[in-house]
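What follows is a set of notes on a single structure, which appears directly below.
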Amino acid sequence: QLCTIKQRKASFYRVWTSKKRQMTNDVGRAIDELTNVEAELAKAEAEHAQLRQGLSERESQENALKQELSQLEKDKNKHQADIVEAKAKLDEIGEERKRFC
């Protein structure tokens with residue numbers, strides 16, 4: 001009977017050691033997986049920050065182009081007004097020339 005108790009203890013210890021080793025391995029794999037996920041997350045966050053920076057730069061460029069377009073439209077309107085004014089003066093000069101001729 002003493003031999004049986006020792007055998008049971010030895011068997012229990014082997015099973016317990018095996019399960020402990022398996023749990024340690026499982027925890028190690030979980031830690032590795034978590035580390036990989038954290039690295040992927042950091043990479044994705046860096047990429048996201050880079051994309052937001054690019055978007056911000058594009059938005060700045062777009063705003064600058066909109067301002068430039070607005071200024072060009074103002075200049076165009078002013079030039080058109082200048083053209084109308086110049087044509088009116090030419091017409092006036094033409095009328096005066098007809099009167100003197």
Side-chain angles (χ1 to χ4, degrees):
Q1 216 178 20
L2 185 62
C3 202
T4 306
I5 292 174
K6 284 183 178 182
Q7 287 173 341
R8 287 162 99 191
K9 272 182 151 180
S11 176
F12 172 79
Y13 181 74
R14 280 192 303 275
V15 169
W16 180 80
T17 304
S18 174
K19 287 189 179 197
K20 181 181 172 190
R21 190 177 308 116
Q22 183 179 358
M23 286 176 57
T24 302
N25 290 339
D26 290 347
V27 168
R29 278 192 294 275
I31 289 171
D32 289 345
E33 187 175 336
L34 178 61
T35 302
N36 290 339
V37 168
E38 286 175 337
E40 288 177 20
L41 178 60
K43 182 180 174 183
E45 286 174 341
E47 189 176 321
H48 181 258
Q50 195 173 26
L51 289 172
R52 287 190 77 57
Q53 169 95 19
L55 177 61
S56 178
E57 289 172 3
R58 293 266 164 33
E59 287 172 344
S60 294
Q61 290 172 350
E62 181 183 15
N63 289 335
L65 288 173
K66 283 180 181 178
Q67 288 177 352
E68 186 178 343
L69 177 60
S70 176
Q71 187 60 46
L72 288 171
E73 287 174 348
K74 286 177 188 175
D75 291 347
K76 174 186 154 191
N77 292 338
K78 182 184 180 300
H79 291 311
Q80 285 176 338
D82 291 344
I83 289 170
V84 169
E85 186 179 327
K87 284 182 179 179
K89 283 184 182 179
L90 282 173
D91 289 344
E92 186 180 313
I93 291 170
E95 290 298 319
E96 284 181 15
R97 183 179 286 163
K98 284 180 186 177
R99 274 189 253 151
F100 289 113
C101 292

Pair Asp32 + Arg29: basic N to acidic O under 4.0 Å: no
Within residues 72-85 or reaching into it, pairs that qualify as salt bridge (charged side-chain N to carboxylate O under 4.0 Å, His left out) - sequence neighbours excluded: Lys78-Asp82, Glu85-Lys89
Selection residues 34-62 - residue pairs positive for salt bridge (charged side-chain N to carboxylate O under 4.0 Å, His left out), sequence neighbours left out: Glu62-Lys66
Over 12 non-hydrogen atoms of neighbours within 6.0 angstrom of CD in Gln80: yes
Short side-chain to backbone donor-acceptor contact, Thr24 and Lys20, under 3.5 Å: yes
Under 3.5 Å: donor-acceptor pair, side chain of Ser18, backbone of Arg14: no
Spacing of [X] atom [atom1] and [Y] atom [atom2] [to the nearest 0.5 Å]:
X	Y	atom1	atom2	value
Lys6	Thr4	NZ	OG1	11.5 Å
Ile31	Asp26	CD1	CG	11.0 Å
Leu65	Ser70	CG	OG	12.5 Å
His48	Leu55	NE2	CG	9.5 Å

